[in-house]
Enquirer: 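Have a look at this one before I ask anything.
Since the model is a prediction, treat every value here as computed from it, not as a measurement.
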Amino acid sequence: MFSNSFYYYYKDSEWLVIESRDQVRYLVNKTGLNCFYLLKSYFNKIHYYNDLAKFVQDNSSIDGMSDLVNFLSDIKFIDFAEYCPSHTPDYTIKDLAVNDDLCLDIKDNEISHNLPEHIQIDVESLCNFDCVFCIRGGSKKYNSNLMLRVDDYVSLFDEFELMGGQEVTFSGGEPFLRHDFNEILLKTLDYGFKVNIFTNASLINDNDIQVMKTIRLNRLQVSLYGNKEDYVRFTGTDSHDSVISVLEKLKANSLDFTLTCAVTKNNFTSFAYFESLEDKYKIAYNYFIEDSFSPEIRANTSDMALSFDHEFIISKIKPIEPNEDKSGGICSIGANFIYVDIVGNVFPCYRYPFAVGNLHHRKLSDIWLNNTELDSIRRINREIRFEECEVCDANKHCMRCIAYNLVYAGSLRVLNKTTCKMGNYLYQIYKRSLRRENEGR
């Protein structure tokens, strides 16, 4: 009944936000939200338009119910394969259409209260590839008795929805190694989440494609590791042709995807190959320079890093405009993003090395909202300021990662030079782009 052409999520327990795939958003107030809660509790029983009409009639005494259903039908959020009689809505559309400024205010308020928008879940930590430049460090073994099961994910989704969550990313390892991954994906149909999947695509079959067409898939990110000759050397598998075959099937089934292509000193011939695919596929490049920017990257890949003046960097990396909010701003740790690994460990961001709780022992909302350890991290994040950052020319390009402070410098309160290096690198690219513009005048 609810069209998967829309995403929907709750905000501040006061609002229902409905967002179409072309990013038109609608904001429904608390009266409509209360009606929506009731409608959603019945939606598995509503299969035909007549079922919906009876539901509205049975609940006609509830304030706003008729208005809400008419509105949802009018924008095609409620959609039936059968013919639906036209109607003249008796709601005022301006009362339901979103005010983007108000939506941003609600978002800022939720971030200040540490209510999450996005959760990334590793549903598998093993991978069928053994990439020499894996940013995760390759397959990671785990205790299979502790891995989260389908019912655990349903409980997680229930809580995440009530916390106002709107986006779920499934990653690994390789998520399609997991035998019940499609079952987990289909469970997301009971929620309005945007669903993202990170995969190497080598294991995707026809059934997987049909499941992805069914869910509210927002982003499918496929890693492509080189041309046919480079694939074995970089992944340890001869999977190039099978991956390309899957890409063609995805395209034939109108599933939108982005290819993430790794560029290193060792696969320049693949860089030319990636360029040849740009007219056919949506390409995003993955690269690193000099030293690793992520502690998960294997140490032996340092000789594969690009130099600042590498042809790829000069020709492909677009400058990022300076962000005034970053100057002296705080890190996003513990705010609107949650990372959960395969055995239920919960992390305040993807880079923070220590779990702040485990879903086998505590509920997600309890871990996230009633946690002295996490509150301490947030407090440090608000309080610390570095004099070096205040006078640094690159501060408006810096991601200011205090998790990296802990990883590289041993303390959240000690500035790490890896983050500084990345900020300065982006700043140098920005300055180079300005010089090009001036020379072109």
Enquirer: Please list, chain by chain and in numerical order, all residues satisfying salt bridge (charged side-chain N to carboxylate O under 4.0 Å, His left out) with Asp241, sequence neighbours excluded.
Expert: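 Partners of Asp241 under the salt bridge (charged side-chain N to carboxylate O under 4.0 Å, His left out) test: Lys228.
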Enquirer: Salt-bridge test for Lys30 and Glu14: reply yes if a basic N is under 4.0 Å from a carboxylate O, no otherwise.
Expert: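 Judged by the 4.0 Å cut-off on N to carboxylate O distance, Lys30 and Glu14 do form a salt bridge.
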Enquirer: Do any pairs count as a salt bridge (Lys or Arg N to Asp or Glu O under 4.0 Å) and have a residue in residues 197-214, sequence neighbours left out, and if so which ones?
Expert: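 Pairs touching residues 197-214 that pass the test: Asp206-Lys249.
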Enquirer: When you compare the side chains of Asp158 and Tyr191, does any donor N or O come within less than 3.5 Å of an acceptor on the partner?
Expert: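 Yes, side-chain donor-acceptor contact under 3.5 Å.
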Enquirer: Closer than 3.5 angstrom, by distance alone: can the side chain of Asn405 be matched with the main-chain N or O of Asn416 as a donor-acceptor pair?
Expert: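 A pair under 3.5 Å: yes.
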Enquirer: Take the angle between the ring planes of Phe55 and Tyr42 and call it parallel below 30°, perpendicular above 60°, tilted in between.
Expert: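 Correct class here is tilted.
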Enquirer: Does Asn44 offer a backbone N or O that forms a donor-acceptor pair with the side chain of His47 under 3.5 Å?
Expert: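 Pair found, side chain donor or acceptor close to backbone of Asn44.
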Enquirer: Taking salt bridge (Lys or Arg N to Asp or Glu O under 4.0 Å) as the cut-off, I'd like each qualifying pair that reaches into residues 266-283, sequence neighbours left out, listed once.
Expert: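 Those involving residues 266-283 are Glu248-Lys280, Asp256-Lys282, Glu275-Lys316, Glu278-Lys316.
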Enquirer: Could I get the full list of salt bridge (charged side-chain N to carboxylate O under 4.0 Å, His left out) partners for Asp190, not counting sequence neighbours?
Expert: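 Applying salt bridge (charged side-chain N to carboxylate O under 4.0 Å, His left out) to Asp190 gives none.
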Enquirer: Ring-plane angle category for Phe77 and Phe36, please: parallel below 30°, perpendicular beyond 60°, tilted otherwise.
Expert: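 Ring orientation of Phe77 relative to Phe36: tilted.
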Enquirer: With sequence neighbours excluded, what pairs up with Asp375 under the salt bridge (charged side-chain N to carboxylate O under 4.0 Å, His left out) test?
Expert: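 Arg378.
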Enquirer: Suppose we screen for salt bridge (charged side-chain N to carboxylate O under 4.0 Å, His left out). Which residues come up paired with Asp393, at least two apart in sequence or across chains?
Expert: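 Asp393 satisfies salt bridge (charged side-chain N to carboxylate O under 4.0 Å, His left out) with no residue once adjacent residues are dropped.
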